Amino acid sequence: MLEDLDPAETREWREALDSVLAYEGADRAFFLLDEVVTEARRKGAAVPYSATTPYLNTIPPGQEDRLSPRELTIDHRIRSLIRWNALAIVLRANAESSELGGHIASFQSAATLYDVGFQHFFRAATDKHGGDLLFIQGHSSPGIYARSFVEGRLTEDQLKRFRMETGGGGLSSYPHPWLMPEYWQMPTVSMGLGPIMAIYQARFLKYLACRGLADTSDRKVWAFLGDGETDEPESLGAIAMASREKLDNLIFVINCNLQRLDGPVRGNGKIIQELEGIFRGAGWNVIKVIWGSGWDPLIARDSTGLLLKRMEECVDGEYQDFKSKDGAYVREKFFGKYPELTEMVAGMTDEEIWALNRGGHDPVKVYAAYSAAVRTTGQPTVILAKTIKGYGMGESGEGQNITHQQKHMADAALARFRDRFSLPLSDEQLAELPFLRFEDDSEEMTYLRERRAALGGYLPARRRRSSQTLAVPELSAFGGQLAGTPGREISTTMAFVRILNTLLRDKAIGHRVVPIVPDESRTFGMEGMFRQFGIFSQAGQLYQPEDANRLMYYREAPDGQMLQEGINEAGAMASWIAAATAYSTSDIPMIPFYIFYSMFGFQRVMDLIWAAGDSRARGFLLGGTAGRTTLNGEGLQHEDGHSHVLASVVPNCVSYDPTYSYEVAVIIADGLRRMVAEQEDVFFYLTLMNENYEHPALPEGAEAGILRGMYLLREASGAPGAPTVQLLGSGTILREVLAGADLLAADYGVAADVWSAPSFTELRRDGLAAERWNMLHPTEPTRRSYVEDCLAGRPGPVIAATDYVKSFADQIRAFVPGRYRALGTDGYGRSDYRRSLRRFFEVDRHYVAVAALASLAQDGTIPAATVADAISRYGIDPAKPDPSRA
Ligand SMILES: Cc1ncc(C[n+]2csc(CCOP(=O)(O)OP(=O)(O)O)c2C)c(N)n1
Ligand SMILES: [Mg+2]
């Protein structure tokens, strides 16, 4: 801090400023100050940059929008009941054992932040208003349930079933649309994902408006974050985008209770100041809500700035410590440091000092902040609210390091909680932890109903189905892809881009298609779409693009249809989620296609994909240039051999590894039918390749098999009685399988049925379902898996080969009759020619042939010497290192 060398001169400058503020206003004052600073810099004076403002509330007392005393009083009564119920939900769930868990302290610190929002700001969707979107801190869920109970939306039975969901009717631990599809709108509890998803939801609302699809102008996205949560890179990673895109429909509320799970967030610093600097630097409107109204008169009397100095020199570790003790302690440790401050509070009792509240617990301050936030235009707002973790829990956890996981409260602490919030409970009742409601005709209930009616209805609430059902194109719309490419070699990526172009031109759904790319359009041959469909940019295009004279120039436009998200897979994924949930959040079904480098898909943003599944997202994910040996020159970090395994564990993700353009067309047409026409809550993942080859036409009747996961592509045509094998393959490796079948026939007289297997994952799911049904219905006729159906009556061992790790094809082992062998690309990728890589990973035609012969030999159909012959004929070195370890 700088020293004041001439207080009289300082006073003169201050007085000059005061008079400008009084007579000419804040804008003029700002102009003059800016001029002075600029001039100082011009003259060479080093004026240090400060991203922070004093440790005070941003909105001074005179400029606060205010609630009436009556509103404040009733709000307080309602909030007190909600506080109690929230606590009771967790205490009751853990009365027998701590197995179920749950959190008390976080909601108690945030109760006022939520309550003021629910009572006065958060709007539900109606015919006239699209509704606000709420991202609620996951572990504050008991407080949200508690409110819904008071509102009469949840029953006592449901509260008693907090975290007991398996029997039906329970309440999910955290906000999960998958588990409570009419209640929770946004999944949040994986720290950091809520904030980044909120930013992209807000941007997508702008996109819908700019493209004329919906009026979203008056809708807000409210995202509640923990201060500890801001350490997640995802929390802050996209905030610059929010201001660049002028997301004035976005409000972050960061509950700065100064604690995370283990202890202080910034014991040695001040999280509020740190976040202020970061958000201001990123161009946000920052509103600090640090001090409650009780402090206003003290701050007003702080003519020397000593109180502010004391406020600024204390670190968060001390602030936390003060509030874990009592008023006498605060007097001694905070005010007691300077005689002038001791004197300032000399007339106050210890209780009065203790009652000096923090801003985030003062509805007056919180209301003023929210009111300013919703009126802000041109930039997003963050509210930094200072609170106390475990507020009201007293010796059972208030401001204590252990408070995050506290699930029990001592009787005395409970009694003090009751007294503090004036709850109508006797000592005997306290022990029973009853859930409390107001009488139906009470003033509180009437007021509560009025408030929510004025705001459009109750929240949280989620729309399960869109009221709009769109007509999707028939498969025949993709005629070009179904006919094959005789004499022409193309990749499945090219086939996909053509399908996408067809869809973008479709009269019924074309305008609902949202192509999303990280910085990768040219990689996938999509740059032609720039000019035709435009890249979404609210600012339009303020420059003439370098390539303006070309046919396919880089065109940005406010109604651009493509989302080019930059090198930012997490953001692009969040963008996709926003589009993929628009059917629910905006009642506008959109059809997003997000295409990315497959290695930077599931592996990179798996947690967001999990959240997408939870969100019941509907749309297409496309892993471009996929396969461990197909994206050949890029090496270890790029070559994906496992995204299909990751995709297989997401319950509502339907995934395919197609080889031919007609397979891509059949799969996309089916995805459109399921997700858009029938509104099924699934999403599709397809891998696409960059290897060029000729594509055959759709074999007659193959559609159902493609979708179920396998179909007979080429029937064996060997001599009668020839040894026979069943060969399966997917993606580009299916072509090696076909070549392997040719080798087997030509070199060893072995016949092979060749199956295209676009989805080992769907085959496994079908097989597991049959197996489970059989186990639970022992006396009924046995059901057969689709794999068994296909292979029944087809002789010989089964060999599969893919461009993914062996466990991908291995998924169907249990359902394959007879001997099964799965070839795959286990191990780290590397760069080389495709044929070298396929040999290295032992998935090329020669290995397919050797694997088939080895299985036949094991079955005793052919002698072992034949296998040895093939190994030598095909030049395979048996001493070659195992690629899965090389
Ligand atoms: C990605 C992720 N990592 C860890 C957790 C476990 N976790 C839940 S709450 C919490 C502490 C949260 O602290 P803060 O964000 O400050 O919220 P508060 O409870 O203090 O309001 C942690 C570590 C999680 N939910 N998600
Ligand atoms: Mg915290």
Side-chain angles (χ1 to χ4, degrees), residues 83 86-87 90 100-115 117 135-144 163 172-176 184 186-198 222-237 252-267 269-275 278 289-290 316-317 319-321 323-324 358-361 366 382-393 397-407 570 573-574 604-611 614:
R83 281 184 183 282
L87 172 148
V90 179
L100 293 174
H103 302 84
I104 299 173
S106 300
F107 178 73
Q108 294 304 336
S109 73
T112 306
L113 302 178
Y114 288 111
D115 193 55
F135 286 81
I136 286 162
Q137 233 187 329
H139 53 290
S140 276
S141 62
I144 310 304
R163 294 188 168 222
S172 63
S173 50
Y174 303 118
H176 296 301
W184 292 119
M186 305 292 177
T188 42
V189 78
S190 180
M191 311 255 120
L193 301 194
I196 193 169
M197 288 193 290
W222 293 83
F224 287 80
L225 288 68
D227 47 359
E229 184 174 10
T230 60
D231 282 337
E232 290 284 3
E234 290 90 342
S235 298
L236 303 182
F252 271 18
V253 181
I254 306 187
N255 176 15
C256 298
N257 58 22
L258 315 186
Q259 290 178 242
R260 49 190 175 206
L261 192 150
D262 282 341
V265 176
R266 292 290 182 275
K270 282 209 269 299
I271 187 65
I272 290 182
Q273 297 299 87
E274 183 178 324
L275 290 174
I278 293 169
V289 184
I290 303 176
D316 283 355
Y319 280 115
Q320 183 195 336
D321 176 48
K323 283 298 185 184
S324 68
R358 288 194 180 161
H361 293 299
V366 174
V382 57
I383 292 165
L384 302 171
K386 188 170 178 175
T387 63
I388 299 162
K389 192 148 177 169
Y391 186 68
M393 290 170 74
E398 193 152 346
Q400 296 175 20
N401 278 334
I402 51 95
T403 199
H404 186 83
Q405 283 153 318
Q406 192 70 336
K407 301 171 205 351
M573 191 60 214
R604 178 98 187 200
V605 294
M606 182 71 170
D607 204 10
L608 277 163
I609 292 176
W610 192 252
D614 189 351

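Predicted model, so just to flag it, every value in this text is computed and none were measured. As the structure lists them, so they are numbered: ligands from 1, and atoms in each ligand from 1.
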K.L.:
Would you mind running through ligand 1 and noting each atom that sits below 4.0 Å from a heavy atom of Asn257?
P.N.:
18 (P), 20 (O), 21 (O)
K.L.:
With backbone taken as N, CA, C and O and side chain as the heavy atoms from C-beta onward, which portion of Asp227 lies under 4.0 Å from ligand 1: side chain, backbone, both, or neither?
P.N.:
both
K.L.:
Note the single closest protein heavy atom to atom 14 (P) of ligand 1, along with its residue, its atom name and the distance in Å.
P.N.:
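Residue, atom and distance for the closest contact: Gly228 N, 3.6 Å.
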K.L.:
For ligand 1, is Ser190 a contact, meaning one of its heavy atoms is under 4.0 Å away?
P.N.:
yes
K.L.:
Quick test: of every protein heavy atom, which one is nearest to atom 17 (O) of ligand 1, and how far off is it to 0.1 Å?
P.N.:
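Ranking protein heavy atoms by distance from atom 17 (O) of ligand 1, first comes Gln137 NE2, 3.0 Å.
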K.L.:
Would you check if the side chain of Gln259 reaches a backbone N or O of Gln400 as a donor-acceptor pair within less than 3.5 Å?
P.N.:
yes
K.L.:
How are the rings of Phe224 and Trp222 set relative to one another: parallel (under 30°), tilted (30 to 60°) or perpendicular (over 60°)?
P.N.:
parallel
K.L.:
Give the numbers and elements of all ligand 1 atoms closer than 4.0 Å to a heavy atom of Val189.
P.N.:
24 (C), 25 (N), 26 (N)
K.L.:
Closer than 4.0 angstrom: is that true for some heavy atom of Glu232 and an atom of ligand 1?
P.N.:
yes
K.L.:
Using only N, O or S atoms, tell me which atom of Asp227 is closest to the Mg ion (ligand 2).
P.N.:
OD1
K.L.:
Under 3.5 Å, N or O to N or O, is Glu229 touching ligand 1 that way?
P.N.:
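Between Glu229 and ligand 1 (N or O atoms, distance only) the closest approach is under 3.5 Å.
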K.L.:
Donor-acceptor pair, Thr188 side chain versus Ile136 backbone, under 3.5 Å?
P.N.:
yes
K.L.:
Of the protein's non-hydrogen atoms, which lies at the shortest distance from atom 22 (C) of ligand 1, and what is that distance?
P.N.:
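That would be Leu261 CD1, 3.9 Å.
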K.L.:
Any protein heavy atom lying closer than 4.0 Å to atom 6 (C) of ligand 1?
P.N.:
no
K.L.:
I'd like to know if the side chain of Lys407 reaches the main chain of Gln405, judged simply by a donor and an acceptor atom lying under 3.5 Å from each other, with no hydrogens or angles considered.
P.N.:
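Yes: the side chain of Lys407 pairs with the backbone of Gln405.
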K.L.:
Just by distance, do the side chain of Gln108 and the backbone of Arg83 share a donor-acceptor pair under 3.5 Å?
P.N.:
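Yes, Gln108 side chain to Arg83 backbone: donor-acceptor pair under 3.5 Å.
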K.L.:
Let me check your reading of the structure: within less than 2.8 Å of the Mg ion (ligand 2), is there an N/O/S atom from Ser109?
P.N.:
no
K.L.:
Of the side chain and backbone of Gln259, name the one, both, or neither that has a heavy atom under 4.0 Å from an atom of ligand 1.
P.N.:
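Backbone only.
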K.L.:
When you measure from the side chain of Ser109 to the backbone of Lys389, do you find a donor-acceptor pair of N or O atoms at a distance under 3.5 Å?
P.N.:
no
K.L.:
Where the side chain of Ser106 meets the backbone of Ser140, is there a donor-acceptor pair that is under 3.5 Å apart?
P.N.:
no
K.L.:
Mind checking whether the Mg ion (ligand 2) has an N, O or S of Asn255 under 2.8 Å?
P.N.:
no
K.L.:
Suppose we screen for side-chain hydrogen bond (donor to acceptor under 3.5 Å, both in side chains). Which residues come up paired with Gln320, at least two apart in sequence or across chains?
P.N.:
Asn401
K.L.:
Using 4.0 Å as the upper bound for N to carboxylate O, is an ion pair formed by Asp227 and Lys270?
P.N.:
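Result for this pair is no, no salt bridge flagged.
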K.L.:
Please compare Lys389, Arg260, Met191 and report which has the shortest non-hydrogen distance to atom 2 (C) of ligand 1.
P.N.:
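Nearest option to atom 2 (C) of ligand 1, by heavy atoms: Met191.
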K.L.:
Short question: side chain of Thr387, backbone of Asn255 - any donor-acceptor pair under 3.5 Å?
P.N.:
no
